[in-house]
A.B. asks: 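Right, I'll just put the structure down here and ask away after.
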Number of protein chains: 2
Amino acid sequence: MDDVDEEVSMGTSEDTGAPAGRSLAHPGLEEIRLEAVLHALADPVRLRIVRDLAEGHTDMSCIAFQLPVSKSTSTHHFRVLREAGVIRQRYEGTSRINRLRTEDLEARFPGLLTAVVTAARRTVPRA
Amino acid sequence: MDDVDEEVSMGTSEDTGAPAGRSLAHPGLEEIRLEAVLHALADPVRLRIVRDLAEGHTDMSCIAFQLPVSKSTSTHHFRVLREAGVIRQRYEGTSRINRLRTEDLEARFPGLLTAVVTAARRTVPRA
DNA sequence: CCTGTAGTACGAGATTCACCGTACGACATG
DNA sequence: CATGTCGTACGGTGAATCTCGTACTACAGG
């Protein structure tokens with residue numbers, strides 16, 4: 001599909017001595033598409049990730065979720081969430097730290113994330 | 001609140017003289033699943049249907065939407081929405097009348113439909 | 001340097017999905 | 001009954017998706 005990998009122009013501010021190695025492509029605020037967000041949230045595994053992130057663990061590495069899938073599949077799901085604009089990922093050592101893009105989503109689709117998380121809390125089982 | 005009961009449970013197409021013909025299977029209120037709803041809304045065509053229904057046209061026949069797809073595909077999309085619990089369909093002559101299950105969705109997933117429709121109104125082009 | 005950890009990339013296989021055309025059924029009207 | 005309208009059901013095709021295993025890269029310590 002249309003790949004929006006424009007090399008992340010956001011974290012480049014303080015990239016001085018930064019690792020300069022990997023950069024992760026995140027869509028800009030205006031590029032977040034509703035269909036993509038809904039599709040990203042429509043999967044049970046990803047919904048659990050989002051639910052867990054919203055439970056207060058603002059920052060979590062991928063491995064902390066204990067998902068019932070393999071490592072590859074886990075990577076895939078985090079990628080879908082990231083490319084849809086639902087989460088933001090950054091490196092920290094060998095780990096990848098995940099965080100919900102709460103403010104961005106609230107600005108673009110007010111009330112959506114809150115409603116989904118509330119709904120998931122009621123119907124989606126926890127870990 | 002006129003609870004529509006379960007005019008039909010998930011079983012049809014079975015002998016009997018049939019109650020005046022076609023019956024449509026709708027999920028009960030407690031059977032509406034979040035993932036199914038999100039998946040149903042994640043498609044651009046179905047999102048437009050929902051958006052149009054929410055625009056004030058509470059009751060619309062399938063043909064009134066002028067969707068950019070064939071009749072078969074149109075039927076498919078309405079079926080997905082109905083089975084997910086997003087819309088309710090009933091017969092009226094040769095037409096099928098569609099209506100959003102606004103109250104049901106609000107009861108089960110508060111704020112969800114409103115947030116999605118608001119978001120769609122801002123980013124999804126009209127007919 | 002070597003080992004371990006955290007995660008990615010690359011296919012591959014199975015399933016689901018969106019789309020279509022054609023054939024058919026139910027209703028209305030002539 | 002004949003015709004037209006509205007929609008369903010039944011396949012079928014091509015694309016997308018979910019899942020996995022294996023091989024690889026980047027970082028941290030001993």
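Chain naming here is simple, since letters A, B, ... match the order of the sequence lines and numbering starts at 1 in each.
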A.B. asks: Please report the distance, rounded to the nearest Å, between CG in A:Asp43 and C1' in C:dC17.
C.D. replies: 14 Å
A.B. asks: Under the salt bridge (Lys or Arg N to Asp or Glu O under 4.0 Å) rule, what pairs show up with a residue in residues 58-67 of chain B, not counting sequence neighbours?
C.D. replies: B:Asp59-B:Arg90, B:Asp59-B:Arg99
A.B. asks: So, the side chain of A:Glu83 versus the backbone of A:His26: is there a donor-acceptor pair under 3.5 Å, distance only?
C.D. replies: no
A.B. asks: With the threshold set at under 4.0 Å for non-hydrogen atoms, list the residues of residues 69-79 of chain B touching DNA chain D in residue-number order.
C.D. replies: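 Of all residues in residues 69-79 of chain B, the ones placing a heavy atom under 4.0 Å from DNA chain D are B:Lys71, B:Ser72, B:Thr75, B:Arg79.
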A.B. asks: Please collect all salt bridge (Lys or Arg N to Asp or Glu O under 4.0 Å) contacts where either partner lies in residues 111-120 of chain A, sequence neighbours excluded, each pair once.
C.D. replies: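 Non-adjacent pairs meeting salt bridge (Lys or Arg N to Asp or Glu O under 4.0 Å): zero.
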A.B. asks: Between D:dG7 atom P and B:Ile87 atom CD1, what is the distance in whole Å?
C.D. replies: 12 Å
A.B. asks: Any chance you could measure A:His76, atom NE2, to A:Leu81, atom CG, to the nearest 0.5 Å?
C.D. replies: 9.5 Å
A.B. asks: Rounding to a whole Å, what distance do you find between B:Glu83:CD and C:dC17:P?
C.D. replies: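 Distance check: B:Glu83 CD to C:dC17 P gives 11 Å.
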A.B. asks: Does OP1 or OP2 of C:dA26 have a side-chain N or O of B:Arg96 closer than 4.0 Å?
C.D. replies: no
A.B. asks: Looking only at non-hydrogen atoms, find the nearest pair between A:Ile32 and A:Phe109 and report the distance.
C.D. replies: O-CZ, 3.6 Å
A.B. asks: Going from CZ on A:Arg46 to CG on A:Leu67, what distance comes out if it is rounded to the nearest 0.5 angstrom?
C.D. replies: 11.5 Å
A.B. asks: B:Glu35 CD to D:dT17 C1': how many Å, rounded?
C.D. replies: 16 Å
A.B. asks: Please give, in whole Å, the distance from D:dG7 P to B:Glu92 CD?
C.D. replies: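 Those two atoms, CD and P, are 11 Å apart.
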A.B. asks: Rounded off to whole Å, could you give me the CG-to-C1' distance for the B:Leu24 and C:dA26 pair?
C.D. replies: 13 Å
A.B. asks: In whole Å, I'd like the distance from the CZ atom of A:Arg82 to the P atom of C:dG7.
C.D. replies: 13 Å
